[in-house]
Structure formats: structure tokens, C-alpha cells
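Model, not experiment: these values are computed from the prediction.
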Amino acid sequence: MKYYLLFLFISLYGISNVNAQNYSANQLDSLYSEFMKFHNPDNAGQQHRGILSVDTSYIKCSFGLVNEVKMNFNRFSSIQQKTISGLLSRPASDTSFVTPNGFFRVHFTKSDFPDYVPENIRQTLSSAQLDAYKRIYLDSLAVALDSAYNFEVNFLGYPPPPPDNGNGGDNKYDIYITSLGSSYGYTEYEDEVNPPSGKYTSFMVIDNSFSNFYTKRIDAARVTVAHEFHHSIQIGNYIYRYNSDAFFYELTSTSMEHFVYGSIHDYYQYLPSYFRNTQNSFTYNYGSQEYALAIWNIYLKDKFGYDIIKKEWELMPNMRAIKAIAGSLNDYNTSFGTEFSQFGIWTYYTNDRAKSDQYFKDASDYPLITPVKVIQFNSSAINLSGNTEPLTNSFVTIINPAKLDSLNIIITNSDVQRGIDSNSIAIPFEYDLAAGPATGTTMITNDYYYSFSTQQPA
């Protein structure tokens, strides 16, 4: 069978900024409900889906849930506030130690910590052996934290998170190990730095067992601290604006897992949520797609290097995330439209179509794209009418059984401004495929000619 690919892209750009959205009363109730589920000890081991989730993958990070509850605290009822207030604080601990490089202080409760050790192993160990087992884990965690700092701050050049005014006992960055069960961890903001900067001090909380997730034990801890540490950098040095730009916070932190620990592929579990739904907007702030789009940063890094991602964050305080992405690409003499269409090509060449020397290096481990339509070409011509949402790549497959041909079309809509204004503003298009030349058509091969029209030809 022969395969052909055709790529069409629609690009529109705007410059206005849009303020963050507010939660409705129903959304606040849902937020409260999910927050209480998250803090329910009986929820351990279950998946935390959150009000922004639409699938069943583990929600790696509760950064958004915890901080959106905190940010909207005054909007909850007095009864809800009374319940929430005790949960929005640093976890209890009775023991702490400082990592070898001296930047982090790790806190935990001795009685709580053995949850890390698997039950079948814990039953066979003496008290001294159990302490030694825990020490090995804590030493490995300390190395993981220092590695995340060295890579993200010393190598990539991000500023470290700001000091926390002595909270936790000193100005070292505080990590708390406790039983979360339903998520890998979270970073919680604390005090605003030079109000109204939108920048905050913070602390990190991570699970004490990592036993029920896609990635387990110390490897799960490694990617978690790489992920959460970048959240502390984001809100400490740039801006906290999660409700509007959740996708950008999460895709960046998830990509940091890959950059710091390239041999741990925890983000693989989230990829199907994007590869099956590329018709969802790039800025779709829901569930696992936020994590899956770590591959966007991997794409940028492979093409332009690490600095372009830092450039995006430097632009973030003054504009929405998608415009920061577009602006950083302009500084590299390219455009979001060009790169988003190329990104579509990269996501096509995965799994058994992988070409790791040209596209994603780990592409053979990625899932295949699910086309939005599969059409049979059984005559001399067909017409495809459809709509394309802003900031989407829509894949269409046309199969010609008579010639054993498969034509794959990617329609890229890179309308940045409409992607901010509303993800529901779709642009109609018409795609015609013919077996021979006709007025207004473009040749693909001698066997196929196409025409494409849209209300937004720019």
C-alpha cells in the first residue's frame, strides 16, 4: 500500500490579553467536593480525577486543585471555609534532613513513612533493617532533589524559587512526605512576593509510597520532584495564573520529568489522551492531555534547544500562555502556525510509522494518532465538509481500496486569538479529492488532485 500525507494549516494571530476566568457556583462546589475527596484517607490508592479531568489516567499532580481552592477560599461558604482552612497548610512532621547540596529540607513523620516499604518486604524486616531500607530511599530521594535543582537551575538557567521567610524552620525549600494515595504530589503556594506580583513562595508535598501508580517507588519520586520543583519555579519567578493556562503549567512540568530523567517514561501513560483527541484544542485545560502535551516541549527542545521554553516563561507574566508560545517562536524566526503544523507531522510518525532519526526519538513507544474521520474513496471524486476548532490538528484518512492507497490529511488550525477567546469557535472547511485534474485543484500525484477552501483562508 502507498501512503500519502497532505498538510493544510490555518493561521490567525491576535494581540489582546484576556483576564482569567472565574469559577461559577457549581464549579466551586465541584472544586470543594474534589478537594475533600483528595483529603479523604479512604481515597488512598484511587485515582484523583479533579474537576478538570475527563479520563481515567492517574492525575499526576494536584497542584491545580490545591491552589485553586486556596485562591478562591473567600468565595466558598463559611462552612466550607472552616473545613478547608485546616487542610490548606503544611503537613505535620517530626523529622527532617537537608539534602547534600543544601538547598532542600525534607520533612516526614517517622510513624507514617514505612508506607513506602512494600508490605511483603516490611513483614520480613527487623526494625534496624527497616530503618536501613528507609535510609536508602531517603538518600535516593535527596539525590533526586539535588539532581532536579542542578538541572533546572544550574544547567537550564531558571532562577530558583524564592525563600519562604523561614517557614519550615529555615529558608531552604521544604519537601513534605505524607500519604496522598490519590496523586503523586503537589506544590502549594504560600506568601505573595512583592504584591501584587502574582509570584509566590511555596512548598512541595509528595506521596510516601508511590505504590499504586503507573511508575512506582523511587522512579515515581524522581519524576515527581522534577515536575513539582518546576512548579515552584513557575509560580515563584513568573506568575500563578492556573485557571486560564493550566495546560502550560502542566505540560512544562511534565516535560521537565523527561529532561531531568530521560530514562523514566511516566508521561507515556498520558499520551493516548492526546493521540486519540487531537481535535481538542491545544489549550484544552482538562485531565491527562495537559501531561500528554509534554511532547510539545520535547518537540521544541529537539528543534530549537532548551532556551525557547524558558523564553516562553519570561513572556508569561504579561500575556496568556499560547501568546507566550507564539511570541517565543517569533523570536526564533518562525511562527506558531508553522511549528504547530510540523508538530502534527511529528505526531503522525509514531509507533510502527516511527522515524526516530527525523522526529521524536522515543516515537516507536508512542501510540498512533486516531483520525477524526476515515473515508473510502470509491469513485472519481469525494467531498469532505467539516469544522476545525482553534489550535487543533485534525487528521483525516482517505482509503482507496482499488489502488491500495492511503491518503492522510492533517488540517492545522493555528488561530491563536480565537483559541483564547473561545475554544468552541469552529471554522468550516471544504476538502475535495479527485482522480484527475480540474479547475482550481492541486496535484498530489498523477492519481490524486485536491482543492481546499475555508472561510478563514489566512
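The salt bridge (Lys or Arg N to Asp or Glu O under 4.0 Å) check on K216 picks up nothing, with sequence neighbours excluded. Residues passing the side chain to side chain donor-acceptor pair (under 3.5 Å) test with K199: none are found, sequence neighbours excluded. For S202, the side chain to side chain donor-acceptor pair (under 3.5 Å) test picks out Y173, with sequence neighbours left out. For L88, the side-chain contact (heavy atoms from CB on, under 4.5 Å) partners at least two apart in sequence or on another chain are F35, V66, V69, K70, F73, I84, E188. With sequence neighbours left out, D29 forms a side-chain contact (heavy atoms from CB on, under 4.5 Å) with Q80. With sequence neighbours excluded, no residue forms a salt bridge (Lys or Arg N to Asp or Glu O under 4.0 Å) with E312. Among residues two or more places apart in sequence or in another chain, the side-chain contact (heavy atoms from CB on, under 4.5 Å) test is passed with V260 by F151, E152, A226. By the side chain to side chain donor-acceptor pair (under 3.5 Å) test, Y332 is found to be paired with no residue, residues two or more places apart in sequence or in another chain being considered. With sequence neighbours left out, the side-chain contact (heavy atoms from CB on, under 4.5 Å) criterion links T201 to P162, D164, E190, D191, V193. Remark: D302 engages K361 in a salt bridge (Lys or Arg N to Asp or Glu O under 4.0 Å) (not counting sequence neighbours). In this structure D365 satisfies the salt bridge (Lys or Arg N to Asp or Glu O under 4.0 Å) test with no other residue, sequence neighbours excluded. The side chain to side chain donor-acceptor pair (under 3.5 Å) search around T347 returns none, not counting sequence neighbours.
Taking the six-membered ring for Trp, Y267 and Y291 have ring centres at least 6.0 Å apart. Y186 has its ring centre no less than 6.0 Å from the ring centre of F63.
The shortest heavy-atom contact between T338 and S341 is O-OG, 2.8 Å. Here the closest non-hydrogen pair linking A292 and L271 is O-CD2, 3.6 Å. Smallest separation of non-hydrogen atoms from G168 and R105: O-CD, 3.9 Å. Counting all heavy atoms, side chain and backbone alike, A148 lies closest to V225 at CB-O, 4.3 Å. Taking both residues in full, the closest heavy atoms of G185 and L180 are given as CA-CD1, 3.6 Å, listed atom of the first, atom of the second, then distance. Residues T252 and N297 approach most closely at CA-ND2, 3.5 Å, considering heavy atoms.
With Q279 contributing its side chain and E389 its backbone, the two residues share no donor-acceptor pair below 3.5 Å. The closest donor-acceptor contact from the side chain of Q27 to the backbone of S24 lies under 3.5 Å. In this structure a side-chain-to-backbone donor-acceptor pair under 3.5 Å is missing from D170 to G166. Judged by distance alone, with hydrogens and angles left aside, the side-chain atoms of D207 form a donor-acceptor pair with the main-chain N or O of F210 at under 3.5 Å. Proximity of a side-chain donor or acceptor of R320 to a complementary backbone N or O of S244 within less than 3.5 Å is detected. Checking side-chain atoms of N351 against main-chain N and O of R353 turns up no donor-acceptor pair under 3.5 Å. Not one N or O on the side chain of Y242 forms a donor-acceptor pair closer than 3.5 Å with the backbone of L65. The main-chain N or O of M204 is never found under 3.5 Å from a side-chain atom of S232 such that the two would form a donor-acceptor pair.
Note that the OG atom of S140 and the CG atom of D219 stand 10.0 Å from one another [nearest 0.5 Å]. For the atom pair CD1 of I369 and CD1 of I410, the computed distance is 8.0 Å after rounding to the nearest 0.5 Å. Atoms CD and OG1, from Q456 and T388 in turn, are 11.0 Å apart once rounded to the nearest 0.5 Å. To the nearest 0.5 Å, atom CZ of residue F336 and atom CG of residue L391 are 5.0 Å apart. For the atom pair I325 CD1 and N330 CG, the distance stands at 12.0 Å (nearest 0.5 Å). The line from NE2 of H107 to CG of D174 is 3.5 Å long, rounded to the nearest 0.5 Å.
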Quiz prompt | Stepwise side-chain contact (heavy atoms from CB on, under 4.5 Å) test for V396 and Y431 | solution = CA-CA 11 Å; V396 178; Y431 177 85; over 6 Å; no
Self-check item: Verdict with reasoning, I298 to F259, per side-chain contact (heavy atoms from CB on, under 4.5 Å)
Solution: CA-CA 8 Å; I298 295 172; F259 298 150; 4.2 Å; yes
Quiz item: Could you walk me through whether F340 and N413 pass the side-chain contact (heavy atoms from CB on, under 4.5 Å) check?
Solution: CA-CA 9 Å; F340 193 44; N413 181 336; over 6 Å; no
Self-check item: Intermediate values then yes/no, ring-ring contact (aromatic ring centres under 6.0 Å, His included), W313 and Y158
Solution: CA-CA 10 Å; W313 279 98; Y158 288 92; 8.1 Å; no
Quiz prompt | Worked check of side-chain hydrogen bond (donor to acceptor under 3.5 Å, both in side chains) between S183 and S62 | solution = CA-CA 7 Å; S183 80; S62 295; 3.1 Å; yes
Quiz item: Can Y189 and F203 be said to form a side-chain contact (heavy atoms from CB on, under 4.5 Å), step by step?
Solution: CA-CA 7 Å; Y189 80 79; F203 59 89; over 6 Å; no
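N393 and Y348 share no donor-acceptor pair across their side chains, judged by distance under 3.5 Å alone. For T109 and D94, the side-chain atoms include no donor-acceptor pair closer than 3.5 Å. Using modelled atom types and a 3.5 Å distance limit, the side chains of N208 and T178 yield no donor-acceptor pair. With hydrogens and angles left out, the side-chain atoms of Q234 and N237 include no donor and acceptor closer than 3.5 Å. No hydrogens or angles considered: a donor-acceptor pair under 3.5 Å links the side chains of T283 and S281.
Exactly one of H231, H227, E228, H230 qualifies for a side chain to side chain donor-acceptor pair (under 3.5 Å) with T187. That residue is E228.
Using bins of under 30°, 30° to 60° and over 60° for the plane-to-plane angle, the ring pair Y274/F343 lands in the tilted bin. The aromatic rings of Y306 and F155 lie perpendicular to each other, with more than 60° between the two planes, well past the 30° mark. Note: F108 and F97 have perpendicular aromatic rings, judged against thresholds of 30 and 60 degrees for the angle between ring planes. Note: Y359 and W346 have perpendicular aromatic rings, judged against thresholds of 30 and 60 degrees for the angle between ring planes.
Using a cut-off of 4.0 Å between Lys/Arg side-chain N and Asp/Glu carboxylate O, K303 and E339 are scored as salt-bridged.
By the 6.0 Å and 45° rule, R90 does not stack over the aromatic ring of Y176.
Counting heavy atoms from C-beta outward, T83 and F76 have side chains that stay 4.5 Å or more apart.
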